[in-house]
Amino acid sequence: MGRALAIIVWLLTLASVVLFFSGWWFPTTITEHGPRIDQQFLITIIVVGIAFVAAQVGLGWMVWRYSANSQNKDERALYTHGNNRLEVIWTVVTAIIFISLAVMGQRVWAQLHFSDAPAGSPQVEVVAQQFVWNMHYPGPDGKLGRTDPSLIKEDENNFIGLDDKDPNAKDDMTAATLVVPVNRPVELILRSKDVTHSFWVPQLRFKQDLVPGMQIHVHFTPTKVGQFQLACAELCGMNHYKMKGTLLVLPEDQYSAVMALPQAEFQAKVATFASGYDVGALYDEHGTKIGNSY
Amino acid sequence: MADELSGHEGHEAVHRHEPPKSFIRKYIFSLDHKVIGVQYLTLALVAVFVGMILSVLMRMNLTWPDTTWPIIGAIKPESYLSLLTIHGTIMVFFVLTTAPQGGFGNYFLPIQIGADDMAFPVLNMLSFWVTFVGFVVLIMSFFVQEGAPIGGWTAYPPLSAIPSAGPGQGAGMNLWIISIAIFCVGSLLGALNFITTLINMRAKGLSLMRMPLTCWAWFTTAVLALLAFPVLLAAGVLLYLDRNAATSFFVPAGLYIKDVVLTEHAGGSPILWQHLFWFFGHPEVYIAILPGMGATSHILSTFARKPVFGYRAMVFAIFAIGLLGFFVWGHHMFISGMSPYSAMAFSILTLSIGVPSAVKTFNWLGTLWGGKIRFTTPMLFAIGFVSLFVAGGITGLVLGQTSLDLPMHDTYFVLGHFHLVMGVAAIFGMFAGIYFWFPKMFGRMMSERLGRIHFWITFVGVYSIFIPMHIMGIVGMPRRYSQFAENGQQIYGFLASLHPLVLFVTVAAIVTFFTQFIFLFNLLWSLFKGKKAGDNPWEATTLEWATTSPPPHDNFFGVPPVVYRGAYEYSVPGAPQDYIMQTTPDPADESQVSAQQGSKGNGHDGHKH
Amino acid sequence: MSTEAARADQLVAGEWSGGKHPYRIGHRKLGMWLFIVSDSLTFSALLIGYGYVRYSSDQWPTPFPFSPSIIFSTIMTLCLLSSSLTMVMGVSASARGDVKAIRKWLLLTIMFGVAFLVLHLIEWNHLIGEGLRPFSLPEEWLHRWPNASPLFGATFFAITGLHMFHVFTGAIYLGIVAARANKLKHEDVEISGLYWHFVDLVWMFVFPMIYLLSIDFKG
Ligand code: HEA
Ligand code: HEA
Ligand code: CUA
Ligand SMILES: [Cu+2]
């Protein structure tokens, strides 16, 4: 029995490890900080993977080696209550490993959250509502117009309650697609109209809840051009599963072209540009296809 | 508080109280901790099967969306979310907070400390019936208009605070809150009872460091429950007020839901709920697993025929886990909009909690090392516990890092993590417990052959269900999605490659589900037809084995046992057998005392009268 | 039996070695202590929640003028403080076994408690009359504090309400203890005292946090 159990434990361990190397992995990242998250993930998976394998191999070995059987019926087990030195050593060693992991894991976090976006970065306000994403662009004046929930008129396409009497709002554009330039830090202002949602594009390696009543500023720098799917990652109601949006990272020339347009032409132009990029495919900063993110 | 609440205080050693005669007093409104323990276990058993059926329905919908099934019909997105919410709630509250603590703890804590009952038998009965009412209220939510709530077991407002935010968020959500509030009260009463019993009612000679590790685990669990549940209770009351008295603790101004601006709410914070919920929620997951850890230590030592390796370290580790458990709740909220600075502090504390967990793992391996392992079914499940706990625990080290939680939060990676630790390691602790203590509880052995079949399939099955979920999470599959394809069309392109895994997981889940009927059959069959068990079928050392199987109404025939040694004296060199019971006096000490007093103790081990 | 017990005593000496009540208190007293610990966490959760919403609001009304509100609530505080004093007297009477004195002091305690409740209800009534609701502020306040959070009413009623409920149940509890004083043990009277002192202690947090932090210095 002991041997059977050992073999099963080892086989399950092996299968788990194989599964982790079977090719299913993150979609390729398209942000500056992404590779560092991937690297930290890989380091962590290797460290904990070694612990996992060591523990399972050890467990299997114990049950293989120390099972009671007809030959050793008359012997007794080792009588010991522990070994202080050993216990101190393994406590200290694990403490060092785990705390180092925690400290290493903070670096990207700090870079993303402890600094503001550089002045002059393009700003987009992301307004989530049950099952739709709305993007609000400041337009050429660089200022986001005032919004007010009581002005929301969904049948007139004013999903975010933009106040058209506010001078700053005159040149604002809205769209369902999030359009950002490549290779420049972009700042998003995240908020929600109704319940909590979460902004998530796997390729960005970035996730942030959109909490009603709060405006959360975040920033990142995309490094690849292309069209990617935006998913909602916080349970927000029955159609949470299809609260899909689009992130469109454009080369600088296309970006500045589209951002100069007034609302009426803006949406059509975004759609035209988007159709030039396959969903999930990667393009370099000139718009040449260089691969696929998954 | 009336006198009857603690009728057992200050009893005389030889005083025996008669068991009640009427059926109702004996089996329904019983004050006997053993009956109450069995009641808790029965409740958990019913609940776990309901929860499993819900999980299989979820898997079916995820794998074959838009299908119209016989009998149940099509599973709509909102029905999926109801299944999810009730699955999570049942499993966390009514399975993992009842059986390991209320069930086994109730039955065996008093016996293992040599007491004749809990400190407050009436309170004990109340705890169970209150919990039972909570369960009924929860199940009722399926049958009200619009059905059960869809907010998940974490019930984040405003989704949970605004009835119009979704189907099921009306009457169903109210019932959910009431059910949880009732559950909190039941757990509080239980916790208070456990702590008092353990502190005040230990038998002579049972010093703290001689207690079985199970007692330490139940004790720490009770402390956690005593401190965590009141906070959930307060949060639940506030949420209820927000919904029904138009207050705004968790609801900010200017919400626009279903084409209307909600003018009656202003000033609240959705994140406040998350803080209160997780301040309870994280200790809760340790409430779920600590008893399993205790049972595992107990059983590993028994069947390895070795003392627990590093008993003292085990005790400190349990306490360290319990204590640190109160300071890490923020790791569920890294991306919630909470201050990113506090996230860092929570992250460091979170990874520190891995240290006592690893210490426990090492000590379990140390206990097996050099043993003479007997592979009984309970032992198989205890070993399975160690394997699964490591598998699930180490991914906590991934999630606990702030920057890695960015991609991983709310994906199937989290599901993989917590199902391995909670969904199966803690459940394996229960399985180990039931196979181990069944002979004591019912006087009959469970079938070893069926037990082994149950173990092999379940062990491989749960690995097959939950390890692939990590991969899904890495690829990017978000949790709480009712389906990933609609009208034959994949909704998210980046998830398309996962279909074979999804199918595999579902098949594994269905096989594992049906395997549980082998367990159920074994349980019921053994109850009536099992081989008769002696008083100490496993040749174990602790006090529950020093009385009859099942124990009499007052556990020790009115003669409180006296304890002479630590809990795990196996394979002591020179001893006549390979185990020495806690009630066996020391021969050396024996002669010394008889020399002093000129009389030899009768050395009875508790049940031979 | 007794020799075995004696032997076990020799083996492990000390309060925690089993067979004893290590804190030298019975089950019920220990149970009450534990209840107090857990109940204080309920109150802490509410008070911390209150601090959280107050801190994160743009503006919080400070509507309590010295007269009458603060004077009123100070009298209420004095009522509770005196009730703790009479409770102490009751417990010490119980230590002497003087049933009559127990009843006298407990009734006094209850009276102070009831006085507190009555004053508190007058206060509630006054605020409700002004227009304060769990979900909204009086018109007049909105003129003075235009951005004030409506959570003032919610936190005020929830926290003081829960506390009032504790005083109310405490008064009934003491009533039962007083009625059965001739049958109860000294410890039972002590336990009721523990509960009563706890309820007073909670007020010593509620009073400054709810009232003193919201004094209207202009009023
Ligand atoms: C029983 C339940 C249980 C247990 C024990 C744990 C244990 C841990 N959990 Fe888990 N967790 C949950 C249940 C549990 N968790 C649940 C239910 C959720 C999701 C809730 C929800 O959102 O619905 C969750 C979510 C969750 C998150 C949030 C994820 C997210 O939503 O983004 C995080 C993040 O830090 C986390 C971390 C941890 C950590 C660090 C531990 C640690 O305690 C783990 C410690 C264990 C180890 C570290 C293994 C020890 C062994 C070794 C290391 C072997 C070494 C040996 C050799 C080298 C030979 N958990
Ligand atoms: C104890 C906790 C527990 C357990 C056992 C399980 C068991 C299972 N869970 Fe679940 N699950 C949760 C806790 C648990 N789960 C939680 C908290 C959530 C999150 C909810 C939310 O998001 O809000 C969740 C969510 C969840 C999802 C959600 C997906 C989504 O987010 O969209 C899925 C989907 O596949 C799933 C699957 C399963 C399966 C297939 C099983 C099982 O079928 C696996 C097989 C089961 C067993 C092997 C156990 C058998 C046990 C016994 C027979 C007990 C014996 C009794 C005694 C000894 C008394 N679970
Ligand atoms: Cu929006 Cu989920
Ligand atoms: Cu946690």
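Lettering of chains follows the sequences in order, A, B, ..., and the numbering in each one begins at 1.
For chain A, the nearby parts of B:Leu498 are the backbone and the side chain; heavy atoms of each come within less than 4.5 Å. For B:Val308, the part sitting under 4.5 Å from any heavy atom of chain A is the backbone (N, CA, C, O) and nothing else. For chain A, the nearby parts of B:Tyr492 are the backbone and the side chain; heavy atoms of each come within less than 4.5 Å. Only the side chain of B:Trp456 comes within less than 4.5 Å of a heavy atom in chain A; its backbone stays farther off. When heavy atoms are compared at a cutoff of 4.5 Å, B:Met408 approaches chain A by way of both its backbone and its side chain. Contacts between B:Pro356 and chain A at a heavy-atom distance below 4.5 Å are absent for every atom of the residue. Neither the backbone nor the side chain of B:Ala485 comes within contact range of chain A, judged by heavy atoms closer than 4.5 Å. At a 4.5 Å heavy-atom cutoff, the contact between B:Asn363 and chain A is made by backbone and side-chain atoms alike. Contact annotation for B:Tyr570: only backbone heavy atoms (N, CA, C, O) come within less than 4.5 Å of a heavy atom of chain A. In this structure, the portion of B:Ile471 lying under 4.5 Å from any heavy atom of chain A is its side chain and not its backbone. Interface remark: B:Phe334 contributes backbone and side-chain atoms alike to the contact with chain A (heavy atom separation under 4.5 Å). With a 4.5 Å cut-off on non-hydrogen atoms, B:Ala317 does not touch chain A at all. Neither the backbone nor the side chain of B:Ala253 comes within contact range of chain A, judged by heavy atoms closer than 4.5 Å. Only the side chain of B:Glu486 comes within less than 4.5 Å of a heavy atom in chain A; its backbone stays farther off.
Expressed to the nearest 0.5 Å, how far CZ of B:Phe459 lies from CD1 of A:Ile8 amounts to 8.0 Å. Here A:Phe52 contributes atom CZ and B:Leu397 contributes atom CG; the two are 13.0 Å apart, rounded to the nearest 0.5 Å. Rounding to the nearest 0.5 Å places CG of B:Leu404 at 11.0 Å from CZ of A:Arg205. The distance from the NZ atom of A:Lys207 to the OG1 atom of B:Thr411 is 5.5 Å, given to the nearest 0.5 Å. To the nearest 0.5 Å, atoms OG (A:Ser16) and CZ (B:Phe466) are separated by 13.5 Å. In this structure, A:Gln130 CD and B:Leu159 CG are separated by 6.5 Å, a value rounded to the nearest 0.5 Å.
Put simply, the side chain of A:Trp109 reaches to within 4.5 Å of the side chain of B:Pro340, judged on heavy atoms. Looking only at side-chain heavy atoms (C-beta outward), B:Ile271 and A:Met214 come within less than 4.5 Å of each other. Two residues are said to be in side-chain contact when any heavy atoms from C-beta on lie closer than 4.5 Å; A:Leu78 and B:Trp369 meet this criterion. The closest side-chain heavy-atom distance from A:Ser198 to B:Ile335 is below 4.5 Å. Residues B:Leu368 and A:Leu59 meet the side-chain proximity criterion, which asks for heavy atoms closer than 4.5 Å. Contact of the A:His240 side chain with the B:Arg479 side chain is not registered, since no non-hydrogen atoms from C-beta on lie closer than 4.5 Å. In this structure, B:Tyr256 and A:Gln129 have side chains that are not in contact, with every pair of non-hydrogen atoms separated by 4.5 Å or more.
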Please step through side-chain contact (heavy atoms from CB on, under 4.5 Å) for the pair A:Gln106 and B:Ile348, ending with a clear verdict.
-> CA-CA 9 Å; A:Gln106 312 281 12; B:Ile348 304 233; 3.6 Å; yes
Under the side-chain contact (heavy atoms from CB on, under 4.5 Å) criterion, do A:Leu11 and B:Tyr463 qualify, and how do the steps go?
-> CA-CA 11 Å; A:Leu11 281 179; B:Tyr463 259 102; over 6 Å; no
Please step through side-chain contact (heavy atoms from CB on, under 4.5 Å) for the pair A:Glu87 and B:Val359, ending with a clear verdict.
-> CA-CA 8 Å; A:Glu87 289 175 42; B:Val359 166; 5.9 Å; no
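Residue with the most contacts toward chain A among B:Met344, B:Glu78, B:Met472, B:Gln169: B:Met344 (heavy-atom pairs, distance under 4.5 Å).
The aromatic rings of B:Phe309 and A:Trp90 sit tilted, their planes meeting at an angle between 30° and 60°. Using the six-membered ring where Trp is involved, A:Phe20 and B:His470 have ring planes that are tilted, between 30° and 60° apart.
A pairwise comparison of heavy atoms in B:Phe375 and A:Val63 identifies CZ-O, 3.5 Å as the closest pair. Between A:Ala77 and B:Ala304, the shortest heavy-atom distance links the atoms CB-O, 3.8 Å. For the pair B:Pro157 and A:Thr196, the tightest heavy-atom approach, listed with the atom from each and the gap, is O-OG1, 3.7 Å. The shortest non-hydrogen separation linking A:Pro212 to B:Leu255 is CB-CD2, 3.5 Å. In plain terms, the two heavy atoms of A:Trp200 and B:Pro407 that are nearest each other are CZ2-O, 3.6 Å. When every heavy atom of B:Ala165 is checked against every heavy atom of A:Val195, the shortest pair comes out as CB-CG1, 4.2 Å.
Between the side chains of A:His81 and B:Glu569, a donor-acceptor pair is found at a separation under 3.5 Å. A:Thr44 and B:Gln401 form a side-chain donor-acceptor contact under 3.5 Å, judged by distance and modelled atom types alone.
A side-chain contact (heavy atoms from CB on, under 4.5 Å) with B:Val355 is found for one member of A:Thr91, A:Ile99, A:Ile97, A:Val92 and no other, namely A:Thr91.
Distance alone, capped at 3.5 Å, places no donor-acceptor pair between the A:Arg65 side chain and the B:Gly370 backbone.
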